[in-house]
Amino acid sequence: QVQLVESGGGLVQAGGSLRLSCAASGRTFSRYAMGWFRQAPGKEREFVATINWSGSTVYYADSVKGRFTISRDNAKNTVYLQMNSLKTEDTAVYYCAADRQPYGTAQKRAYDYWGQGTQVTVSS
């Protein structure tokens with residue numbers, strides 16, 4: 001069992017930056033791919049970014065490419081999402097998720113464990 005706890009959300013003006021963190025429990029973190037998803041009010045939860053077990057492969061949604069960066073520190077059991085040039089449309093609850101497969105995927109249904117989410121609000 002893996003428990004995930006997100007932090008770092010908050011209120012920021014458009015054009016600003018935030019860094020989200022997701023701390024994972026358990027000794028198997030380094031074997032898992034990790035992902036970030038987000039859900040805005042009234043919308044489906046959508047893929048944001050994913051990273052494979054070693055951090056050598058990353059993949060982003062087109063809507064965040066060039067602005068967001070996913071990374072991980074396996075020694076700290078933590079995955080990060082650096083968000084720059086934030087837009088009002090980035091406002092959502094952001095979730096991290098762990099996939100017991102190591103490769104990384106944008107498919108929400110592939111993920112086995114989810115955090116509770118952290119709110120990101122971008123004001124104009």
Side-chain angles (χ1 to χ4, degrees):
Q1 188 74 12
V2 173
Q3 292 187 326
L4 304 173
V5 179
E6 302 96 335
S7 61
L11 174 64
V12 64
Q13 286 192 327
S17 297
L18 281 175
R19 188 175 84 152
L20 305 183
S21 299
C22 174
S25 66
R27 293 176 288 179
T28 53
F29 173 81
S30 62
R31 303 180 200 168
Y32 295 170
M34 299 295 295
W36 285 97
F37 291 77
R38 67 187 182 186
Q39 188 167 18
K43 294 190 175 181
E44 294 282 325
R45 191 172 299 188
E46 65 175 6
F47 168 74
V48 173
T50 186
I51 187 166
N52 73 335
W53 68 277
S54 67
S56 62
T57 302
V58 297
Y59 180 67
Y60 299 95
D62 287 344
S63 59
V64 306
K65 204 172 293 183
R67 300 187 298 122
F68 290 11
T69 302
I70 188 172
S71 61
R72 67 190 297 161
D73 185 337
N74 285 344
K76 295 183 178 179
N77 276 18
T78 302
V79 63
Y80 305 98
L81 186 68
Q82 178 67 43
M83 305 187 295
N84 298 330
S85 302
L86 282 160
K87 305 175 181 180
T88 56
E89 52 263 45
D90 295 318
T91 295
V93 177
Y94 282 72
Y95 298 89
C96 76
D99 179 1
R100 286 180 290 187
Q101 299 300 316
Y103 306 112
T105 178
Q107 297 299 317
K108 185 170 50 178
R109 63 180 181 271
Y111 288 83
D112 303 289
Y113 306 103
W114 292 83
Q116 83 290 348
T118 186
Q119 176 71 47
V120 171
T121 303
V122 184
S123 65
S124 58

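All heavy atoms count here, side chains included; hydrogens, waters and symmetry mates do not.
Every residue two or more places apart in sequence or in another chain was checked for a salt bridge (charged side-chain N to carboxylate O under 4.0 Å, His left out) with K43, and none qualifies. For Y59, the ring-ring contact (aromatic ring centres under 6.0 Å, His included) partners two or more places apart in sequence, or in a different chain, are F47. Every residue two or more places apart in sequence or in another chain was checked for a salt bridge (charged side-chain N to carboxylate O under 4.0 Å, His left out) with R45, and none qualifies.
Residue pairs meeting the ring-ring contact (aromatic ring centres under 6.0 Å, His included) criterion with at least one member in residues 92-119, sequence neighbours excluded: F37-Y111, F37-W114. Screening residues 67-76 for salt bridge (charged side-chain N to carboxylate O under 4.0 Å, His left out), with sequence neighbours left out, gives R67-D90.
Of the possible donor and acceptor atoms, none in the side chain of S85 sits under 3.5 Å from a partner among the backbone N and O of G15. A donor-acceptor pair is defined here as one N or O able to donate and one able to accept, closer than 3.5 Å; no such pair exists between the side chain of N74 and the backbone of N77. Side-chain atoms of E6 come within 3.5 Å of backbone atoms of Q116 as a donor-acceptor pair (strictly under, hydrogens ignored). S25 places a side-chain N or O within 3.5 Å of a backbone atom of Q3 that can act as its donor or acceptor partner.
L81 and V120 fall within the same hydrophobic cluster, defined by Ile, Leu, Val, Met, Phe, Trp and Tyr side-chain heavy atoms under 4.5 Å apart, directly or through other members. Residues Y32 and L4 are members of one and the same hydrophobic cluster, defined by side-chain heavy-atom contacts under 4.5 angstrom among Ile, Leu, Val, Met, Phe, Trp and Tyr. Grouping the Ile, Leu, Val, Met, Phe, Trp and Tyr side chains by contacts below 4.5 angstrom, directly or via other members, places V2 with V79.
The minimum heavy-atom distance between A33 and G104, with the atom names listed, is CB-N, 3.2 Å.
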(request) Check step by step if side chain to side chain contact (heavy atoms under 4.5 Å, CB included) holds for V58 and T50. (result) CA-CA 6 Å; V58 297; T50 186; over 6 Å; no
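Distance CD1/I70 to SG/C96: 9.0 Å, rounded to 0.5 Å. Summarising the geometry, atom CZ belonging to R100 is positioned 12.0 Å from atom CZ belonging to R31; distances are rounded to the nearest 0.5 Å. S124 OG to E89 CD: the interatomic distance, rounded to the nearest 0.5 Å, is 10.5 Å. The CZ atom of R38 lies 9.0 Å from the CE atom of M83; values are rounded to the nearest 0.5 Å. Atom CG of L11 and atom CD of Q119 lie 9.5 Å apart (nearest 0.5 Å). In this structure, OG1 in T57 is found 8.5 Å from CD1 in I51, a value given to the nearest 0.5 Å.
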Side-chain donor/acceptor pairs under 3.5 Å, residues 16-24, sequence neighbours excluded:
unit_1: S17; atom_1: OG; unit_2: N84; atom_2: OD1; d: 2.9

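Counting heavy atoms of neighbouring residues, nucleotides and ligands inside a 6.0 Å radius, atom CD of Q13 does not exceed 12 of them.
The shortest distance between side-chain heavy atoms of V12 and T121 does not fall below 4.5 Å.
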